[in-house]
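Quick notes on the structure that follows.
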Amino acid sequence: MKYNCSEIESKWQKRWEEAHIFEAQDGSDKPKFYGLVEFPYPSGSGMHVGHIKAYSGLEVVSRKRRMQGYNVLFPIGFDAYGLPTENTAIKTGVHPRVVTDRNIEKFTSQLKRVGFSFDWTRVIDTTEEEYYRWTQYIFLKLFENGMAYRDTALVNYCPSCKVVLSNEDSQGGKCDICHSDIVQKSKDVWYLRITKYADKLLEGLEKVDYLPNVKQQQVNWIGKSTGAFVNFKLTEEGEQLRIYTTRCDTLFGVTFMVIAPEHPIIEKLAHKIKNIDALKAYREECAKKTEFERTQLVKDKTGVKIEGVAAINPINGKEIPIFIADYVMMGYGTGAIMAVPAHDERDYDFAKKFGIDIIQVIKGGDLSEGAYTGDGEMINSGFLNGIATKKDAIAKTLEFLESEGIGEEGVQYKMKDWAFNRQRYWGEPIPIVHCEKCGLVSVPYEELPLRLPEVKEFAPGEGGESPLAKIESFVNCKCPRCGGAAKRETDTMPQWAGSSWYFLRYIDPHCSTGIADMEKMKYWLPVDWYNGGMEHVTRHMIYSRFWHKFLYDLGIVPCDEPYAKRTAQGLILGPDGDKMSKSKGNVIDPNDVVDTYGADVLRTYVLFMGDYGSAAPWSDSSMKGCKRFIERFADLTTIAKGRGVTPELEVAINKTVKKVTNDIEELKFNTAIAAMMGLLNDIFEVGHLTLDELGTLVRLLCPIAPHICEELWEQLGGEGFCSLAEWPSYDEAKTVDSSVEIAVQVNGKLKATVMLPLNCPKDEAIALAKADERVAAAIDGKTIVKEIAVPNKIVNIVVR
RNA sequence: GCGGGUAUGGCGGAAUUGGCAGACGCGCUAGAUUCAGGUUCUAGUCGGGGUUCCUCGGUGAAGGUUCAAGUCCUUUUACCCGCACCA
């Protein structure tokens, strides 16, 4: 049957809305389910089908949960602060507020056309005063607890966007937004002390149900390493260099030291250093390099030896040279290393280039070829000689270092503190006042929200100043503490701020006394299932876990981990197999698909196109298969005439109910849909089924293709909404056939298949298998060596 | 370089976790319906060889374990993702 999908779909979307059936109930006795999808950034180009796939997974789970009797919270909102909107405003002169509202309207209509069962009464927009008031509140809490601080730092600066970027936003030395080259610039910036939560973030992973690769990425991002800090005395009396190493066992193999070009000891000992000019020249050269060049061009080691000052290896008293080189970073460890060329590849390269001694202290490898980084017996190492393993050698060395007071065990993290400000207009104002007398002062809570002022020019000022700096009425204020003249912070928060706590606000979106009511949070938290893209599992997820843990420590939220479970969907690639992008012109607009095929077909197709977690290219013709399926499914009404299906089909229906029920829980929508397609084919072959049986199938498909199922449900005379009807159950006993087809192999090669009763005893199975002509022929005249029978699966006869 | 992953027909992908490889869908071929295109329906569709049926080969490559391997082990290649001079 060809049906008028747009008529049916708008009919049911309207009815759902009028009956408020997808609204979550606070304080219900039902078990709760909180399903969360990553809220979109409302860009001007509208949604593409990737969004639809991303939301369809938990949409199906949520709809199924409702039918299973859960009180479901499945919200949506908009992460609306961000640069593209601001850039549009700069280009067109239209206020970001207007651009944002327009985009949100467009996104909303697109989402509604697909029939998502979001609770539209809880929509949030991170740029609304009612929302960002609480983002600012959390910032003040962070500030008051010493978790937000200001520091002068070399920052990644995008000369094109004129903003300071975090390391994460400038990966590969390119700006995340405009892809220009990043340069280094010294600036006063805000940091959040996320490193203080490094261990908690790591430990928390043990009790959550995240995909293994999600956990792994977070572990790598935090990058905890255990090693030792060691102090090296210098030839200059009273001075020392502190280093971090994970291989203190190789201390006897240290033949030089390397410090970062920016290491402060250079300034401190400038008067002793004979070649200070050469060092400064080298440092300037390095500063010109972008982070990208510095980390990517690894082939060639460069550096300069410090003349006039040397170091002393604390373990054997030997004097060793110190170099400055840009392969050592100021941002990790202490900015200084002990170099062991025999057992570290970078040190090896450097030593070869500069003709430095290489002393082997671990047996193994071939030092003429390269550094040996494996395990082995200690040699040339004084009291460590003869120790067979790295672990033991490290333990012994640490013992020595600690007893001599020259070093101790320590840990390091790759994760750095979070650079938390942007010199932009379209973001949350940082609620801080700079007072000459009092320093940094919080804006009082009762003055929140600190409103984003109106400006005429959205473009950032030269040199990375925020546009807010130009608004005198905003900048000039009274110090909340001393009442004297003061100036407001003019930077705004980065885009990650609003998304770091949005799942809390859904629980109580209009709460005016806090971020959300505690009792409601206790009911809904944690998020039971969070699904989103792999690109957000480090930055966004770690940032929000950090905020949540901080709020938990303050007693503001009731649990320490926000997300109980995390999964990720795969990308939808363009029909050409490339990533969808506007520039390639291969973006599929969900509106176009809904227009021609209908929302149910779109929903079915994005879930059927492949494994939910993997990337798959879009295919219009493949989607036609889903259209046929939906239409044929609707045709079932023409053969539902009271006559029941065959016993075999009854089993098939039970099997399918079981499979779909289980597959949805594992996001295996492709196989769930395939099973329903297969069942549909079988039913048409038989040619009839009861209305009751059709009712089961309609409810089974409802979470995936809800509009047509509501329509069919109504035709069948079903009670109420199909979307709220009871999820079909299955009879476990009826999920198995009374007889099974068994493969019979001779010497592992398939010879025949035989029908056997279920759970046929081994002996009987073998006897019946041998009775088959083809099997008999294959074993005729041969000696039977072994007979294997796996019940309900296979018989294998081994002959010689 | 390190970490994680993937590799199965012309394509997207299945395979009850060691038990009939290729479910389901697309595409393709033939036939029917249709004035025609589209739609719909029926049959076929991993490859080779003989053509009701049978036989041999087949899951990136090479070995191995096993009665039995897409699945486990060893070696290897290609691609994807993340991190990356992290000491």
Side-chain angles (χ1 to χ4, degrees), chain A residues 1-2 171-172 211-221 223-225 227-228 243-248 250 258 294-299 301 325-329 331-340 344-347 349-350 373 412-415 534-535 537-538 570-571 573 577 604-605 608-611 613-626 628-629 631-632 635 655 659 662 668 670-681 684 741-753 774 785-799:
Chain A
M1 173 189 79
K2 277 193 192 140
Q171 283 174 355
L211 288 179
N213 53 337
V214 171
K215 269 191 199 181
Q216 193 59 48
Q217 275 195 34
Q218 294 198 7
V219 168
N220 291 346
W221 201 72
K224 182 174 184 173
S225 92
I243 61 100
Y244 176 72
T245 179
T246 54
R247 294 299 305 272
C248 65
T250 60
V258 185
R294 196 165 155 174
T295 55
Q296 289 296 307
L297 305 174
V298 295
K299 303 135 215 151
K301 293 275 180 296
D326 64 355
Y327 83 90
V328 172
M329 311 288 153
Y332 185 79
T334 61
I337 62 158
M338 62 178 218
V340 187
D344 182 281
E345 281 166 25
R346 295 151 302 172
D347 298 346
D349 293 345
F350 194 84
T373 54
Q412 278 295 306
Y413 303 92
K414 287 184 194 172
M415 186 169 70
M534 281 306 293
E535 69 275 20
V537 305
T538 48
L571 291 175
L573 305 174
T604 307
Y605 177 59
F608 179 67
M609 61 193 298
D611 172 52
S614 312
W618 182 266
S619 158
D620 261 326
S621 60
S622 211
M623 185 168 51
K624 282 180 193 151
C626 292
R628 289 188 193 123
F629 166 63
E631 285 176 357
R632 260 159 65 81
D635 275 347
K655 271 186 185 168
K659 179 159 183 61
N662 295 334
K668 285 160 75 174
N670 54 337
T671 51
I673 294 166
M676 285 190 272
M677 287 172 168
L679 179 63
L680 190 66
N681 293 342
F684 272 111
E741 191 182 35
I742 291 213
V744 183
Q745 300 178 333
V746 175
N747 286 350
K749 302 237 180 216
L750 181 72
K751 287 295 164 191
T753 58
R774 284 160 296 183
V785 181
K786 201 169 181 182
E787 293 170 329
I788 295 126
V790 180
N792 305 325
K793 294 236 166 101
I794 205 162
V795 169
N796 191 7
I797 299 165
V798 187
V799 296

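Small disclaimer: the values here were computed from a predicted structure and weren't measured. To find a chain, count down the sequence lines: A is the first, B the second, and so on, and within it residues start at 1.
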Span that lies between the [atom1] atom of [M] and that of [N], in whole angstrom:
N: B:C46; M: B:A62; atom1: C1'; answer: 23 Å
N: B:U71; M: B:G60; atom1: P; answer: 8 Å
N: B:U39; M: B:U33; atom1: C1'; answer: 10 Å
N: B:C2; M: B:C85; atom1: C1'; answer: 12 Å
N: B:U59; M: B:U34; atom1: C1'; answer: 42 Å
N: B:G58; M: B:G3; atom1: C1'; answer: 34 Å
N: B:A30; M: B:C81; atom1: C1'; answer: 44 Å
N: B:G13; M: B:G27; atom1: C1'; answer: 14 Å

Does B:U17 adopt a syn or an anti glycosidic conformation, taking syn as a chi angle within 90° of 0? syn
Pull up the glycosidic torsion of B:G5 and say syn or anti, syn being anything within 90° of 0. anti
Residue pair [X] / [Y]: nearest heavy atoms and the distance that separates them:
X: A:Val340; Y: A:Asp347; result: N-OD2, 2.9 Å
X: A:Gly335; Y: A:Val328; result: O-CG1, 3.5 Å
X: A:Ala743; Y: A:Leu750; result: CB-CD1, 3.7 Å
X: A:Met338; Y: A:Arg247; result: CE-O, 3.4 Å
X: A:Met534; Y: A:Asn213; result: CE-ND2, 3.7 Å

Does [X] place a side-chain N or O at less than 4.0 Å from the phosphate oxygens OP1/OP2 of [N]?
X: A:Tyr332; N: B:A87; value: yes
X: A:Lys655; N: B:U16; value: no
X: A:Arg628; N: B:C41; value: no

Can you list, pair by pair, the side-chain donor-acceptor contacts under 3.5 Å of residues 614-626 of chain A, counting residues two or more places apart and other chains?
{"unit_1": "A:Ser614", "atom_1": "OG", "unit_2": "A:Asp611", "atom_2": "OD2", "d": "2.7"}
{"unit_1": "A:Ser619", "atom_1": "OG", "unit_2": "A:Ser621", "atom_2": "OG", "d": "3.4"}
{"unit_1": "A:Ser619", "atom_1": "OG", "unit_2": "A:Ser622", "atom_2": "N", "d": "3.0"}

With sequence neighbours left out, the residues meeting ring-ring contact (aromatic ring centres under 6.0 Å, His included) with A:Phe629 are none
Name all residues meeting the ring-ring contact (aromatic ring centres under 6.0 Å, His included) criterion together with A:Tyr332; count only those two or more places apart in sequence or in a different chain, and write none if there are none. none
Residue met sooner reading RNA chain B from 5', once A:Gly333 and A:Met677 are mapped to nucleotides: A:Met677
Where each residue is assigned the nucleotide of RNA chain B containing its nearest heavy atom, which of A:Gly625 and A:Met338 is assigned the position nearer the 5′ end? A:Gly625
Using a 4.0 Å heavy-atom cut-off across all strands, classify A:Thr753 as base, sugar-phosphate, or nothing. base
Looking at every strand, decide which applies to A:Asp347 at a 4.0 Å heavy-atom threshold: base, sugar-phosphate, or nothing. nothing
In what stems does RNA chain B take part, counting only runs of at least 3 consecutive Watson-Crick or G-U pairs whose two distances fall under 3.5 Å? B:1-7 with B:77-83, B:10-12 with B:24-26, B:27-32 with B:40-45, B:46-49 with B:54-57, B:60-64 with B:72-76
Heavy atoms under 4.0 Å is the rule here; annotate nucleotides 1-13 of chain B 5' to 3' with B where the base is hit, S where only the sugar-phosphate is, and - elsewhere. --SS-------BS
Pairs under 3.5 Å (N/O, protein and nucleotides 67-69 of chain B):
{"unit_1": "B:C67", "atom_1": "OP1", "unit_2": "A:Lys786", "atom_2": "NZ", "d": "3.3"}
{"unit_1": "B:C67", "atom_1": "O2'", "unit_2": "A:Asn796", "atom_2": "ND2", "d": "3.1"}
{"unit_1": "B:C67", "atom_1": "O2", "unit_2": "A:Asn796", "atom_2": "ND2", "d": "2.6"}

Applying side-chain hydrogen bond (donor to acceptor under 3.5 Å, both in side chains) to A:Asn662 and not counting sequence neighbours gives none
Looking at B:G19, B:A87, B:C86, which one has an atom nearest to any side-chain atom of A:Lys793? B:G19
Closest listed nucleotide, where the reference is the side chain of A:Ser225 and the choices are B:C85, B:A87, B:C41: B:A87
Testing the 3.5 Å rule here: is there a donor-acceptor pair between the side chains of A:Glu741 and A:Thr753? yes
Pairing residues for [X] by the salt bridge (charged side-chain N to carboxylate O under 4.0 Å, His left out) criterion, not counting sequence neighbours:
X: A:Arg774; answer: A:Asp772
X: A:Lys224; answer: A:Asp199
X: A:Lys655; answer: A:Asp737

Using the test side-chain contact (heavy atoms from CB on, under 4.5 Å), find all partners of A:Lys793 that sit at least two apart in sequence or belong to another chain. A:Val790
Check: protein-nucleotides 47-55 of chain B nitrogen or oxygen pairs below 3.5 Å:
{"unit_1": "B:C54", "atom_1": "OP1", "unit_2": "A:Arg774", "atom_2": "NH1", "d": "3.3"}

Test A:Met415 against A:Trp221 for side chain to side chain contact (heavy atoms under 4.5 Å, CB included), laying out the working first. CA-CA 6 Å; A:Met415 186 169 70; A:Trp221 201 72; 3.6 Å; yes
